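First comes the structure, then the notes that go with it.
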Amino acid sequence: MKVTTGSDHVLKARKTLLELLMADHPSPCARQTNSGDCELEKHAESAGASESRFPKRKVSRGKDDSSLAIAVDHDACNSL
């Protein structure tokens, strides 16, 4: 099997995904502001997706512990 990860198609899909994630991410987040090491913002910048063409989320999603296996704090990047 041959896997190509640097094709135009893959890079475009990766950029779109990063734009969607950045639309749901405070930017700069507290982690980026305080320590400069937010991996999401670093990847978005390198892909040219720092500014999302998708609208920013205006309402917090908060914590989601509806799954027995996974708990997610959607506001985790708002503080360290």
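Being a predicted model, the structure only gives us computed values, none of them experimental. Throughout, numbering of the chain's residues begins at 1 and tracks the sequence.
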Test: side chain to side chain donor-acceptor pair (under 3.5 Å). Region: residues 5-17. Which pairs qualify, not counting sequence neighbours?
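Sorted pair list: Thr16-Arg53.
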Separation of Asp24 CG from Glu19 CD (nearest 0.5 Å) |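 Rounded to the nearest 0.5 Å, the CD-CG separation comes to 14.0 Å.
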Hey, could you give me the CE/CD distance between Met22 and Glu45, rounded to the nearest 0.5 Å?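 If we round to the nearest 0.5 Å, Met22:CE and Glu45:CD are 9.5 Å apart.
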message = Using side-chain heavy atoms (C-beta onward) and a distance below 4.5 Å, is Glu41 in contact with Arg31?
response =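 Not in contact.
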TODO: Evaluate the side-chain proximity of His43 to Leu21: yes if any heavy-atom separation is below 4.5 Å, no if none is.
DONE: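 Result no, sub-4.5 Å side-chain heavy-atom pair not found.
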Closest approach of [X] to [Y] (non-hydrogen atoms, all atoms of both residues):
X     : Y     : result
Leu20 : Ser52 : N-OG, 4.5 Å
Gly6  : Leu11 : O-CD1, 3.5 Å
Ala23 : Pro55 : CB-O, 3.6 Å

Exercise for review: State plainly whether one hydrophobic cluster holds both Leu17 and Leu40, where clusters connect Ile, Leu, Val, Met, Phe, Trp and Tyr through side-chain heavy atoms under 4.5 angstrom apart.
Suggested key: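 Yes; Leu40 is reachable from Leu17 via cluster members.
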inquiry  = Between Ser27 and Lys56, is the side chain to side chain contact (heavy atoms under 4.5 Å, CB included) condition met? List the steps.
reply    = CA-CA 10 Å; Ser27 183; Lys56 284 271 193 199; 4.1 Å; yes
